[in-house]
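Comments concern the structure below.
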Protein chains: 2
Amino acid sequence: MRMAKGVEWALHTLLNLDMAGGGPVGSSQLAQAHGLPAPYLNKQLQQLSRAGLLASTPGPRGGFSLTRPLDAITLLDVVQAIEGDADMFQCTEIRCCGRIGELSPRPTGPCPVKNAMSRAEASWREALAAQTLAEIKAELDTGPVVGEIIRAALR
Amino acid sequence: MRMAKGVEWALHTLLNLDMAGGGPVGSSQLAQAHGLPAPYLNKQLQQLSRAGLLASTPGPRGGFSLTRPLDAITLLDVVQAIEGDADMFQCTEIRCCGRIGELSPRPTGPCPVKNAMSRAEASWREALAAQTLAEIKAELDTGPVVGEIIRAALR
DNA sequence: AATATCCAGGATATGTAATGTCCTGGATAG
DNA sequence: CTATCCAGGACATTACATATCCTGGATATT
Ligand code: SF4
Ligand code: SF4
């Protein structure tokens, strides 16, 4: 039930890329900006790329760049790109095993337990989708100085 | 990000205990009702017990019994008893590491990222708390026959 | 064309937490 | 006193996230 660290990495990397100003930035620069393991961060960036949040350009002076402005990226986009979209409650059908499973008729129709869990999860995703990275950046930003620092750190 | 299987086990065990009619039921009976590993289920039951959802009576003819009716038990109660109440988004403070960490001033005030995640998580818990086991039992129950079967399986 | 740089992605460790097992001790009914 | 059952600590096992490495392909530069 703990969220992958990659989500935090991806969030800050996306925010940094926005500060960087559009040009592609290499994955190793992005990694050392926060002291992250470069090869692993690279994999996460690949996932973001497959999800359509990032574009990658190979070759010298290549790297990753944002495909859309921050106000078009929600927290849900990032979480789904990193964590996948599998349900957190995954049923093992224990009701059909053991004594009760043998004695009971095979259950029919949709499962109420699963339904209730899915409703809760849906409202979680909804709340995630209601937050854009632009809003978060606005609360996080502490002035133009920070932009300079980040651009310098990404050289 | 996957929920522990113990949640499913606990849910069905609580529902079964309700069917059983109030008297304490041994953990091994509860386990074989669904073909679950008895010693491990026992640990989960201990957690439910510590959370106040179950009462345990030692000695012969002992076992576990519900402490309150199903309509006073929410999904959140069960999830929290099994999974604990730790946040799913746990920050590693990467913003303070690496180049950016060294160059930037130490961030002040509450973290907007964390806040947004917490809001989403809160709305998840809220949805879980809105569902009682009694409601789920009502949708799950397929008639008085099932009650008989479960009571028989728990002998 | 040759070269240096950088991403893509598979194969493979390593670490950590969930899952599963075992055993000892304490409580209680008979 | 004894048989039964829970409490809980100490492991073993498994699954998964985390981390590393290496090969190949793309591209800008020379
Ligand atoms: S009743 Fe629902 S949660 Fe329980 S085993 Fe069946 S499908 Fe899974
Ligand atoms: S900005 Fe927030 S999420 Fe990012 S490292 Fe700091 S506390 Fe954690």
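A note on names: the letters A, B, ... follow the listed sequences, proteins ahead of strands, and every chain is numbered from 1. Note that these values count all heavy atoms, side chains included, but never hydrogens, waters or copies made by symmetry. These figures come from a predicted structure and were not determined experimentally.
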**Terminal contacting nucleotides, 5' and 3', DNA chain D versus chain A (heavy atom, 4.0 Å)** =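 Nucleotide range with atoms under 4.0 Å of chain A: D:dT18 to D:dA28.
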
**Asked** In residues 59-67 of chain B, which residues come under 4.0 Å of DNA chain C by heavy atom?
**Response**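 Hits under 4.0 Å, by residue number: B:Gly59, B:Pro60.
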
**Request:** Return the residues of residues 14-30 of chain B meeting this criterion: a heavy atom under 4.0 Å from some atom of DNA chain C. Order them by number, or give none.
**Result:**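 Contacting residues: none.
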
Rounded to whole Å, please give me the gap between [atom1] in [X] and [atom2] in [N].
{"X": "B:Arg2", "N": "C:dT16", "atom1": "CZ", "atom2": "C1'", "answer": "16 Å"}
{"X": "A:Met3", "N": "C:dA17", "atom1": "CE", "atom2": "P", "answer": "17 Å"}
{"X": "A:Leu45", "N": "C:dG9", "atom1": "CG", "atom2": "P", "answer": "13 Å"}
{"X": "B:Asn42", "N": "C:dC22", "atom1": "CG", "atom2": "C1'", "answer": "12 Å"}

**Prompt:** Start at the 5' end of DNA chain D and walk down; is the nucleotide closest to B:Met1 or to A:Pro37 reached first?
**Reply:**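 Per heavy-atom nearest nucleotide, the more 5' residue is B:Met1.
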
**Item:** Distance (rounded to the nearest 0.5 Å) between A:Ser27 OG and A:Lys43 NZ
**Value:**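 One finds 11.0 Å between OG of A:Ser27 and NZ of A:Lys43.
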
Any chance the side chains of [X] and [Y] put a donor and an acceptor closer than 3.5 Å?
{"X": "A:Glu126", "Y": "B:Ser123", "value": "no"}
{"X": "B:Thr74", "Y": "B:Thr132", "value": "no"}
{"X": "A:Arg99", "Y": "B:Gln29", "value": "no"}

**Message:** Main chain of B:Gly23, side chain of B:Ser65: is a donor-acceptor contact present, judged purely on distance under 3.5 Å?
**Reply:** no

**Item:** Donor-acceptor contact present, side-chain A:Gln131 to main-chain B:Ala116, <3.5 Å
**Value:** no

**Message:** Counting the atoms with a prime plus P, OP1 and OP2 as sugar-phosphate, which does B:Lys5 contact under 4.0 Å by heavy atoms, base, sugar-phosphate, or nothing?
**Reply:** sugar-phosphate

**Asked** Contact class for A:Pro39 (heavy atom, under 4.0 Å): base, sugar-phosphate, or nothing?
**Response** base

**Request:** Let me know, please, whether B:Gln44 or A:Ser49 comes out on the 5' side of the other along DNA chain C by nearest nucleotide.
**Result:**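 This one resolves to A:Ser49.
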
**Asked** Of all the nucleotides listed (C:dT21, C:dT19, C:dG20), which has the minimum atom distance to the side chain of B:Ala4?
**Response** C:dT19

Looking at [X] and [Y], does any basic side-chain N land under 4.0 Å from a carboxylate oxygen?
{"X": "A:Glu148", "Y": "A:Arg151", "answer": "yes"}
{"X": "A:Asp77", "Y": "A:Arg68", "answer": "yes"}
{"X": "A:Asp87", "Y": "B:Arg2", "answer": "no"}

**Message:** Taking only side-chain N and O atoms of A:Arg50, does any of them lie within less than 4.0 angstrom of OP1 or OP2 on C:dG9?
**Reply:**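 It does, given that an N or O in the side chain of A:Arg50 lies less than 4.0 Å from OP1 or OP2 of C:dG9.
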
**Message:** For B:Trp9 and B:His34: C-alpha separation, side-chain torsions, deciding distance, then whether side chain to side chain contact (heavy atoms under 4.5 Å, CB included) applies.
**Reply:** CA-CA 9 Å; B:Trp9 301 1; B:His34 286 308; over 6 Å; no

**Message:** Quick check on B:Gln90: does its CD atom have over 12 non-hydrogen neighbours (other residues, nucleotides or ligands) under 6.0 Å away?
**Reply:** yes

